[in-house]
Amino acid sequence: MLVRGKLAMAELKGTILRGMFRDAKENLPGGIDRLMQGVDPTIVETYFASNIIHGSWYPYEAFAALLEAYSKAPGCAGPNAFVDLGKRMAERDLTSLLKVYAVVASPLRLAEVPQKVWAQRFRNAGTGRTEKGESSFRFTITGFPGIHRLHCELLTGYGLDTGLRKSKSFATVHDRCVHKGDSVCSFLSTW
């Protein structure tokens with residue numbers, strides 16, 4: 001999106017940042033203090049000096065800084081660290097903020113959710129769309145080459161945890177990624 005000849009800054013809702021802080025508090029050795037040690041002091045002062053409000057918009061760069069700091073924290077290494085983080089975030093969201101989506105009856109009905117949630121929680125961060133199949137759906141984010149590579153992993157875990165609530169055979173793969181040369185980030189879910 002262009003604003004006065006410039007690209008508008010990608011933003012996300014505070015609920016996502018709060019989810020990262022909650023996870024750090026519950027799962028990182030040293031908690032939030034340890035997480036914040038890995039964030040550039042200028043970012044901390046600019047974005048995290050006051051309380052994060054669920055419904056307010058924050059620059060995506062604040063989220064990217066938290067992802068990077070999280071990746072360097074003790075106990076967060078390994079190939080599934082951010083998939084696991086996404087699963088934990090989905091678990092919390094589906095028992096609180098997104099409770100209404102938790103009652104969706106089938107995986108196919110679940111296909112409608114990612115697009116809605118993306119539009120609610122992100123702006124100037126591309127467009128999310130869903131293509132349904134008979135026993136699958138694909139969620140694709142177009143127009144957001146600035147998505148953080150660890151965010152892709154987090155989304156994989158988030159989608160997987162959400163789908164496993166509806167079908168034990170549910171699987172999600174991130175098979176197209178801007179960080180691997182693709183023009184979009186796309187997640188294929190099957191059951």
Any link between [X] and [Y] through a network of hydrophobic side chains (Ile, Leu, Val, Met, Phe, Trp, Tyr) touching at under 4.5 Å?
X      : Y      : value
Leu17  : Trp57  : no
Leu164 : Leu188 : no
Ile43  : Ile53  : yes
Tyr58  : Phe122 : yes

Around atom NZ of Lys132, are there more than 12 heavy atoms from other residues, nucleotides or ligands closer than 6.0 Å?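 For Lys132, atom NZ is crowded (more than 12 foreign heavy atoms under 6.0 Å).
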Might you work through the side chain to side chain contact (heavy atoms under 4.5 Å, CB included) test for Thr172 and Phe139, ending with a clear yes or no? CA-CA 10 Å; Thr172 298; Phe139 175 64; over 6 Å; no
With a 6.0 Å cut-off on the ring centroids, do [X] and [Y] count as close?
X      : Y     : value
Phe48  : Phe21 : yes
Phe144 : Tyr60 : yes
His148 : Phe82 : no

Heavy atoms only: give me the nearest [X]-[Y] pair and the separation to one decimal.
X      : Y      : result
Ala69  : Val39  : CB-CG2, 3.6 Å
Leu110 : Gly163 : CD2-CA, 3.6 Å
Ile52  : Arg18  : O-NH1, 2.9 Å
Asp182 : Arg176 : OD2-CA, 3.3 Å
Phe187 : Thr156 : CE2-OG1, 3.5 Å
Leu160 : Ala171 : CD1-CA, 4.0 Å

Does the distance from a Lys or Arg side-chain N to an Asp or Glu carboxylate O, for Glu131 and Arg138, drop under 4.0 Å?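 No salt bridge links Glu131 with Arg138.
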Salt bridge check, Glu68 against Lys72: does any charged N sit closer than 4.0 Å to a carboxylate O?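 So Lys72 pairs with Glu68 through a salt bridge.
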Give me the ring orientation class for Phe170 and Trp191: parallel if the planes are under 30° apart, tilted from 30 to 60°, perpendicular past 60°.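 Judged by the thresholds at 30° and 60°, the geometry between Phe170 and Trp191 is parallel.
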Close side-chain approach of [X] to [Y], heavy-atom, < 4.5 Å:
X      : Y      : result
Leu155 : Trp118 : yes
His179 : Ile147 : yes
Ser186 : Asp175 : yes

Going by distance alone, is a donor N or O of one side chain under 3.5 Å from an acceptor N or O of the other, for Asn80 and Asp84?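 Checked: Asn80/Asp84 side chains show no N/O donor-acceptor pair below 3.5 Å.
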Tell me if a side-chain donor or acceptor on Asn124 pairs with a main-chain N or O of Met9 at a distance below 3.5 Å.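 Flag set: sc Asn124 to bb Met9 pair under 3.5 Å.
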To the nearest 0.5 Å, how far apart are CZ in Arg149 and NE2 in His174?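 Between Arg149 CZ and His174 NE2, I get 12.0 Å after rounding to 0.5 Å.
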